[in-house]
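First the proteins, then the strands, lettered A, B, ... as listed; each starts at 1.
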Number of protein chains: 2
Amino acid sequence: MGNLIPDESIRRTLLSRLSEQVPDFDFAAVQLSAQLLMFSQQTIHLFENHFARWGLSQGRFAILMLLYNLPENDWTPVKLAESTHVTKATVTGLVNNLSRDGYITRRQHPGDGRKISLRLSESGEQFVQGMIPQHFERISQIYSNLDGQQIKQICDALALLQRAVTPDVAREIE
Amino acid sequence: MGNLIPDESIRRTLLSRLSEQVPDFDFAAVQLSAQLLMFSQQTIHLFENHFARWGLSQGRFAILMLLYNLPENDWTPVKLAESTHVTKATVTGLVNNLSRDGYITRRQHPGDGRKISLRLSESGEQFVQGMIPQHFERISQIYSNLDGQQIKQICDALALLQRAVTPDVAREIE
DNA sequence: CCATATTGGTTAGCCGCCTTACTATAGCAA
DNA sequence: TTGCTATAGTAAGGCGGCTAACCAATATGG
């Protein structure tokens, strides 16, 4: 629910005060950034709420999906961390909770004593099998009001933004 | 850095496996949702990195801005929570850290023993004063590659999305 | 063959978000 | 006035991110 960005009215007052202090204040850019932040938070919340239906988070879901759909990959914590772009410490935490909940199991990796082999348990498999159709149905529903042309329009806008911002992101992260 | 969404190649394999299992799998919608999630996370990371320059988070920044620019508001934790759309417990945490860092002070509210009056300290004021111009300059810079027409295009796309999704969001949160 | 470096995984601890439960003060109504 | 209710704030504890530090096991190279 929380997005940390004040409402329109406060925001307007804030911006007008700020524009007095900052000489070359770029209204359009600042407005845009607030829009984007709010939108992004909204999107993430949407998915969080969506996943909460099944007691999942994005991270839990990602791991379950990988284990379920690509079981031939012989998943280890490090592989999961690379595939999901989080640190291995974070994976440890997610795996702890998922195994506490009985969805996955840790086994010694045959052949490399350092590695841990992760697999879905019986109940984990059933759980994923049960949720997948609902999950994708709901996802489709969320965007079902958009036709192909509109989706293209949105993708174009995202691409435009990404192109425009990317160099700065790179500089930012440096 | 982490976004929890696997790379293109894994994602493609995943989606093709899934489309076999889910009868009426809506590729476009699922692709769009992944795009949106990634984009949103990227945006939020961009701002997190931006704020990290000054040891700030979105929440810390929001509170400092409100205290600095609207001091006449006689801020209390509850007011801040309402204005920033987070819980009052979260505000307690942020305020704890901000006051530990010497940026803000808590005082008893004269006239209502339940309330706490929050103000910027001397050093907090100086700090904000120093960062504001840099902050807005950088924000402007990030989006400086976009012209007015492009910004409009993006805003239109966001609005389109918001209109399309809103009813579902409402249903989702219910 | 052994010493060193690299890799895999966990732990500990911080942050910011949440919910739930609690205390203290204020307000209101009988 | 007294006693219930509503409001303000904090505390405790969970989650999922992170970094830094650590141990164990493997790889490597002299």
Would you list the atom pairs, donor with acceptor, under 3.5 Å between side chains in residues 27-38 of chain B and any protein atom, with sequence neighbours excluded?
residue: B:S33; atom: OG; partner: B:V30; partner atom: O; Å: 2.7

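Atom CZ in B:F61 sits about 19 Å away from atom C1' in C:dC15, given to the nearest Å. Here the P atom of nucleotide C:dG16 and the CZ atom of B:F51 are 13 Å apart, to the nearest Å. Between A:I116 atom CD1 and C:dG8 atom P there is a gap of 13 Å when expressed in whole angstrom units. At whole-Å resolution of the value, CZ in A:R106 and C1' in C:dG9 are 9 Å apart. What separates CD of A:E48 from C1' of C:dC17 is a distance of 9 Å, to the nearest Å. Distance, A:H109 NE2 to D:dT26 P: 11 Å, rounded to whole Å. Atom NE2 in B:H45 sits about 15 Å away from atom P in C:dG16, given to the nearest Å. A:I44 has its CD1 atom 14 Å from the C1' atom of C:dG16, to the nearest Å.
Listed by chain and number, the residues in a side-chain hydrogen bond (donor to acceptor under 3.5 Å, both in side chains) with A:T87 are A:T90 (sequence neighbours excluded). Scored by the side-chain hydrogen bond (donor to acceptor under 3.5 Å, both in side chains) test, A:S16 finds no partners at all (sequence neighbours excluded).
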### Query
Are A:H50 and A:H135 close enough, and set up right, to give a side chain to side chain contact (heavy atoms under 4.5 Å, CB included), and what steps lead you there?
CA-CA 8 Å; A:H50 167 76; A:H135 164 69; 2.6 Å; yes
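Within 6.0 Å of CZ in B:R119 there are 12 or fewer heavy atoms belonging to other residues, nucleotides or ligands. Atom CD of A:E122 is surrounded by 12 or fewer heavy atoms from other residues, nucleotides or ligands within 6.0 Å.
Among the heavy atoms of the strands lying under 4.0 Å from A:K88 is at least one base atom, whether or not backbone atoms are also near.
Side-chain contact between B:W75 and B:I63 is absent, with no heavy-atom pair separated by less than 4.5 Å. Between B:H109 and B:D74, some side-chain heavy-atom pair lies under the 4.5 Å cut-off. With a 4.5 Å cut-off on side-chain heavy atoms, A:P77 and A:V95 do not count as touching. Counting heavy atoms from C-beta outward, A:L56 and A:L64 have side chains that approach closer than 4.5 Å.
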#### Entry: Sequence-aligned protein contact record of nucleotides 11-17 of chain D, with B where the base is within under 4.0 Å of a protein heavy atom and S where only the sugar-phosphate is
B---SSS
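Contacts between residues 69-79 of chain A and DNA chain D, defined by a heavy-atom separation under 4.0 Å, are absent.
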Pairs: protein N or O with nucleotides 1-7 of chain C N or O, under 3.5 Å:
residue: C:dT7; atom: O2; partner: A:R114; partner atom: NH1; Å: 3.4

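Here the straight-line distance linking atom CD1 of B:I142 with atom CZ of B:F47 works out to 5.5 Å at 0.5 Å rounding.
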